[in-house]
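For reference, the structure is listed below as C-alpha cells.
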Amino acid sequence: AMTSIGDLPEDVLVELLSLLPARELLRTCRLVCSQWRYVVDLNTLWKRKCQRDGFYRQSYDRSISDWKIFYMLCYMKKNLLKNPRAEENFQHWTIDANEGDKWKIEDLPGAHGSHMSDPRVHKYFVTSFGPCFKSQLITLDKEGYWNQLMDEIRPEITVKDWYAARFDCGCRYELTVRLLSKDWICLEEFHPEPVVIEQWSDAKWREISHTFQNYPAGVRYIWFQHGGQDTQYWAGWYGVRVTNSSITIGPPT
C-alpha cells in the first residue's frame, strides 16, 4: 500500500509537480530528495508545464531538446523596453539628440496622421526639423537572463519598431540596435539604411523587425536607439513618429 507521496508512480508525480510554479520547483521541490530532484529535471515535466501554460505546439516536438529552458524563456518573455508607447512622458529614455524644436509626445492619430491597428497604442513620440534620437540600454542579468543562458543557449532576440510620417511632410527614420559585451564591445549590430518617406505619403504606420540569431557568446547588454527628423526643415513637429517599440527574448509564443 502507498504510505507517502514518494510511493506515487513517476507519471503521477510528474502530473502533480507540474501544477506548481517553476520557482517553487527549482528552489524548493528539487531539494526535497533525490527522487524529486530527478523528476523535476525530467523533460516530460517541463513539457507538461508548457502544455498547461499554453507554450506548447506539436510542431516543437522535434526541435526542442530542453523543455525546461524553453519553458523559462516563454515564461520570462516580455517587452524589455520600458515606456515604449509614450504613456510615461520620456521616462526610461535617454535623449541623445534633441535639435530643432526637440522631441514631443502627441496623441494618435495626430495631425495629418493615421491610426494604428493595435488598440493599446494611444500616443507616439515625434521628431522635429533637427536630428532627434533617443535610446535605452537593457542590462540582461537584471531582466533575469543569466550569463550561461546567453552564452550557451543564445536565445533569439527580436527587435520591432513602428514609424510613420505625416501626410503633408517628408521625414527620415533611423534605427540602431547593438548587442554589447560586459566591456561595451559591440558583438553584433542591426543598423539598416535610413528610411526616407517623401512628402504626400499615405501616412500609414509601418513596422520594422529584426531577429538576432547565432550571435557571439558574451552578450550582456542590448542598446536600442531610434529617431530621425523631417525633410522640409519646418518649425514644429513634422518629423518621423515612432511608438510601440519592443525587444523580446525567446521563442515565438
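This is a predicted model, so every value here is computed, not measured. Both backbone and side-chain heavy atoms feed into the values below; hydrogens, waters and symmetry mates do not. Just so you know, residue 1 is the first one in the sequence shown, and it goes up from there.
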Value rounded to 0.5 Å, distance of [atom1] in [X] from [atom2] in [Y]:
X: Cys171; Y: Glu198; atom1: SG; atom2: CD; result: 9.5 Å
X: Trp103; Y: Ile95; atom1: CH2; atom2: CD1; result: 7.0 Å
X: Lys47; Y: Ser18; atom1: NZ; atom2: OG; result: 13.5 Å
X: Ser117; Y: Glu207; atom1: OG; atom2: CD; result: 8.5 Å
X: Glu99; Y: Thr127; atom1: CD; atom2: OG1; result: 11.5 Å
X: Gln225; Y: Leu175; atom1: CD; atom2: CG; result: 9.0 Å

Minimum heavy-atom separation for [X] and [Y], please, with both atom names.
X: Leu73; Y: Pro251; result: CB-CD, 3.8 Å
X: Leu45; Y: Val14; result: CA-CG1, 3.7 Å
X: Ser128; Y: Asp101; result: OG-N, 2.8 Å
X: Asn43; Y: Lys68; result: OD1-N, 4.1 Å
X: Met76; Y: Gly144; result: SD-O, 3.6 Å
X: Ala22; Y: Met72; result: CB-SD, 4.0 Å

Anything under 3.5 Å between a donor and an acceptor, one on a side chain of residues 210-217, the other on a protein residue two or more places apart or in another chain? List them.
from   : atom 1 : to     : atom 2 : distance (Å)
Thr211 : OG1    : Thr158 : OG1    : 3.2
Gln213 : NE2    : Glu156 : OE2    : 2.6
Tyr215 : OH     : Pro155 : O      : 2.6

Backbone of [Y] reached by a side-chain donor or acceptor of [X] within 3.5 Å:
X: Asn79; Y: Ile247; result: yes
X: Asp11; Y: Glu15; result: no
X: Ser114; Y: Ala203; result: yes
X: Gln232; Y: Gly170; result: yes
X: Trp223; Y: Ile138; result: no
X: Arg27; Y: Leu25; result: no
X: Asn83; Y: Asn89; result: yes
X: Lys49; Y: Leu17; result: no

- Kindly check if the number of other-residue, nucleotide or ligand heavy atoms within 6.0 Å of NE2 (His92) is above 12? yes

- For Glu24 and Arg30, what are the C-alpha separation, side-chain angles and deciding distance, and is it a salt bridge (charged side-chain N to carboxylate O under 4.0 Å, His left out)? CA-CA 8 Å; Glu24 295 303 318; Arg30 199 173 180 276; over 6 Å; no

Could you check, using the six-membered ring where one of them is a Trp, whether [X] and [Y] have ring centers closer than 6.0 angstrom?
X: Trp46; Y: Phe70; value: no
X: Phe129; Y: Tyr233; value: no
X: Trp184; Y: Tyr221; value: yes

Between [Y] and [X], is there a salt bridge with N-O shorter than 4.0 Å?
X: Arg154; Y: Glu152; answer: no
X: Glu143; Y: Lys82; answer: yes
X: Asp168; Y: Arg166; answer: yes
X: Lys123; Y: Glu106; answer: no

- Full working for side-chain contact (heavy atoms from CB on, under 4.5 Å) between Trp93 and Ser135: CA-CA 6 Å; Trp93 291 97; Ser135 64; 5.5 Å; no

- Among Leu179, Leu137, Leu180, whose side chain to side chain contact (heavy atoms under 4.5 Å, CB included) with Ile222 holds? Leu179

Under 4.5 Å between any side-chain heavy atoms of [X] and [Y], yes or no?
X: Tyr145; Y: Ile249; value: yes
X: Ser209; Y: Lys160; value: yes
X: Arg178; Y: Thr176; value: yes
X: Pro84; Y: Asn244; value: no
X: Phe167; Y: Asp202; value: no
X: Met116; Y: Leu108; value: yes
X: Pro194; Y: Tyr173; value: no
X: Asn98; Y: Lys102; value: yes

- Query: Do Asp61 and Tyr56 get their side chains close enough for a donor-acceptor pair, meaning under 3.5 Å?
  - Reply: yes

- Task: Return yes if a side-chain donor-acceptor contact under 3.5 Å exists between Asp161 and His226, otherwise no.
- Result: yes

- Item | Evaluation steps, side-chain contact (heavy atoms from CB on, under 4.5 Å), between Glu10 and Leu42 | CA-CA 10 Å; Glu10 182 180 295; Leu42 284 175; 3.6 Å; yes

- Charged tip of Lys134 within 45° of Phe125 ring normal and under 6.0 Å: yes

- Residues that Val32 engages under side chain to side chain contact (heavy atoms under 4.5 Å, CB included), provided they are two or more places apart: Trp36

Flag yes if [X] and [Y] sit in one hydrophobic cluster, no otherwise; membership is Ile, Leu, Val, Met, Phe, Trp, Tyr, and two members link when side-chain heavy atoms are under 4.5 Å apart.
X: Leu80; Y: Ile153; result: yes
X: Leu26; Y: Leu13; result: yes
X: Trp205; Y: Trp200; result: no
X: Ile105; Y: Phe133; result: no
X: Trp162; Y: Tyr124; result: yes

- Starting from the C-alpha separation in whole Å, work towards a yes-or-no answer on side-chain contact (heavy atoms from CB on, under 4.5 Å) for Cys74 and Lys77. CA-CA 5 Å; Cys74 291; Lys77 193 170 184 179; 5.7 Å; no

- Reference residue Arg220; test side chain to side chain donor-acceptor pair (under 3.5 Å); the match among Asn147, Thr139, Asp141, Asp183: Asn147

- Item | Derivation and outcome, side-chain contact (heavy atoms from CB on, under 4.5 Å), residues Tyr163 and Val195 | CA-CA 10 Å; Tyr163 64 93; Val195 177; 3.8 Å; yes

- Option from Tyr60, Trp67, Tyr71 for which ring-ring contact (aromatic ring centres under 6.0 Å, His included) with Phe55 holds: Tyr71

